[in-house]
Student: 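Just dropping this structure here.
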There are 2 protein chains.
Amino acid sequence: MNTYHDCIPCFLQQTLHAARLVTRDEKIHEQVIRAVLKEAADMDLGLPPPAMGKRIYGIIRRVSGSADPYASIKKTYNQFALGLYPEFKAKVAGSSTPLETALRLAIAGNIIDFGVNSQIDPTRVYETINQALSQELAGNLNGFAQDVRSAQNILYLGDNAGEIVFDRLLIEHLPLEKITFAVRGAPVINDATLADAKAVGLTSLVRVIDNGSDAPGTLMDECSETFKHAFAQADLVIAKGQGNYESLSEVNHNIYFIFKVKCRVVAAHIGLEPGSLAVKKNTKAPA
Amino acid sequence: MNTYHDCIPCFLQQTLHAARLVTRDEKIHEQVIRAVLKEAADMDLGLPPPAMGKRIYGIIRRVSGSADPYASIKKTYNQFALGLYPEFKAKVAGSSTPLETALRLAIAGNIIDFGVNSQIDPTRVYETINQALSQELAGNLNGFAQDVRSAQNILYLGDNAGEIVFDRLLIEHLPLEKITFAVRGAPVINDATLADAKAVGLTSLVRVIDNGSDAPGTLMDECSETFKHAFAQADLVIAKGQGNYESLSEVNHNIYFIFKVKCRVVAAHIGLEPGSLAVKKNTKAPA
């Protein structure tokens, strides 16, 4: 999807939240805001929002001098989610519909997103995940289950640190030998990288690759050849999170987008209410 | 007060709302947004927010080619408020504390502000004004009444069209011969100009001047000599609305700020909750 005019005030809001998270120095906040305003004035609105996200967080890294400003947040949420893992693994195991329960949890875990929403804390995450067990799924659960059964080669695109523990719960109910799990190629916001996949035990469960890019989404043109090859080979892509939806919604491939709808722009684009648990097959998927 | 970092996403939000109010042409929206982003990148944060407001609405007028994009909104709200005038005039007359009741109504009328909040409609305005009759006033009502009694020369700075009908209700309970009412010098947002003061009958009630400026507030450096003289001569200034508060809060003069607190930044600055009906004497007022 394109970048909408409504995304622009939100970029500035995210910039301010992110700058404040990284440092208390108001001089740095101001430098970051001015640089983002300059960048935004000339941005290409034909590109998806993660293209601007990549630039914003690049500016934050450059101005703050920190290569990975969300490092401690990522660590905290990986550990927090690993702490919840036994409880929710038992819920999945005890469920009469384990795949659906695992899917709900994986989608709900998508709340751990410091891009759209910097107002999160462990209590809110825990509540959201519990709520998801009874909230209606918006989309085609049966289609998803069928496509998973018939696929030979599944590429699962992860989103955020912490959240990937809930992806692991879902992956444990998918055919492990067919799965490749992909993370970002470099730190951006609290998006998961190889270190996070390792920290939560995904690397010892399935093949894990990185996409070679530092965008908070999947901008195909910027991804590595290895990643592009894995994408082309996959007969099913499971794309987690809003950033992956925003950047892949127009890509002609068999993709299931699974995420928690977190803003009005994406809600309008996908045709669901904010807060929905989306399980949507790409409308551009080959017949 | 200075411009805060939190004002910046809000400027962009206001820009987008205003551009959409003025035209449906998305190409114009984009032009306006890009121009505002460029302007904001180099803005002087030491100036109060109305300095940026002036620039934003200047851009909107220039790009849209409309000298007064809010003309019909101003007319609508003048007429709407004039329609309510008899009802509320009777409420003031029937009140055991008419000055207080008129003051509440004047402050509540400040809800008709298309700058901070573009989500207003006549129903919401009517509800807000009725609510104000029982809502606690935040500030010093007795001090205000005393200062009005002892003043020889009162300058009343108006804010928005429509709202000035409620200012009229208050002014009718002040010593008319001592009052000068001031409006903006040129159209900006839905702020009242001379035409509005005339339309609601203020010009036949008291002396009315304009301030010579098109800022949505009172930037003294940009005001006319006539206005500056009137300001200097006044031993009491009644400044209506957030824009006047933002631009005059550091000015060393005997000023009462009366307005509905409409954003978190101003709320924090003045030390009141958003939604409060503020009656605050300038902390910089001479002893």
Side-chain angles (χ1 to χ4, degrees), chain A residues 1-47 49 51-53 55-57 59-60 62-64 114-119 263-265 268-269, chain B residues 1-49 51-53 55-57 59-60 62-64 115-119 263-265 268-269:
Chain A
M1 69 180 243
N2 296 343
T3 296
Y4 286 71
H5 294 162
D6 284 299
C7 299
I8 296 167
C10 185
F11 286 147
L12 270 301
Q13 197 73 66
Q14 285 186 46
T15 299
L16 193 53
H17 281 153
R20 285 173 175 165
L21 208 65
V22 169
T23 170
R24 287 178 156 192
D25 185 338
E26 296 198 355
K27 289 252 179 297
I28 290 188
H29 302 165
E30 184 177 336
Q31 261 183 281
V32 168
I33 293 167
R34 289 192 191 277
V36 169
L37 287 165
K38 275 202 179 69
E39 193 79 38
D42 296 315
M43 69 184 293
D44 180 354
L45 295 174
L47 296 176
M52 188 64 194
R55 289 173 187 216
I56 291 172
Y57 292 92
I59 289 169
I60 289 172
R62 179 168 53 76
V63 176
S64 72
F114 278 81
V116 184
N117 186 355
S118 59
Q119 308 290 315
C263 82
R264 281 180 301 121
V265 171
H269 191 268
Chain B
M1 69 180 243
N2 296 343
T3 296
Y4 285 71
H5 294 161
D6 284 297
C7 299
I8 295 166
C10 185
F11 286 145
L12 272 300
Q13 197 73 64
Q14 286 187 43
T15 299
L16 193 53
H17 282 154
R20 286 174 174 162
L21 207 67
V22 169
T23 171
R24 286 178 155 192
D25 186 339
E26 297 198 355
K27 289 253 182 294
I28 291 189
H29 302 166
E30 185 177 335
Q31 261 183 281
V32 168
I33 293 167
R34 289 191 192 278
V36 169
L37 287 165
K38 274 202 181 69
E39 192 79 38
D42 296 315
M43 72 185 290
D44 180 354
L45 295 174
L47 296 176
M52 188 65 194
R55 289 171 186 217
I56 290 173
Y57 292 93
I59 288 168
I60 288 172
R62 179 168 54 76
V63 177
S64 72
V116 184
N117 186 357
S118 58
Q119 309 289 314
C263 83
R264 281 180 301 121
V265 171
H269 191 268

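To find a chain, count down the sequence lines: A is the first, B the second, and so on, and within it residues start at 1. Nothing here was measured: the structure is a model prediction, and the numbers come from that model. Scope of the values below: all heavy atoms of this structure, side chains included, with no hydrogens, waters or symmetry mates.
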Student: Heavy atoms, side chains only, cut-off 4.5 Å: are Asp42(A) and Lys38(B) in contact?
Tutor: yes
Student: If you count heavy-atom pairs under 4.5 Å between each of Pro9(A), Ala40(A), Ala35(A) and chain B, which one has the most?
Tutor: Pro9(A)
Student: With rounding to the nearest 0.5 angstrom, report the NE2 to NE2 distance, His5(A) to His29(B).
Tutor: 8.0 Å
Student: Non-hydrogen atoms of chain B under 4.5 Å away: do they reach the side chain of Glu30(A), the backbone, both or neither?
Tutor: both
Student: Heavy-atom cut-off 4.5 Å, strictly under: side chain, backbone, both or neither for Glu26(B) against chain A?
Tutor: both
Student: Quick check for you: to the nearest 0.5 Å, what is the distance between Ile33(B) atom CD1 and Leu16(B) atom CG?
Tutor: 4.5 Å
Student: Is atom CZ of Arg55(B) surrounded by more than 12 heavy atoms (other residues, nucleotides or ligands) closer than 6.0 Å?
Tutor: no
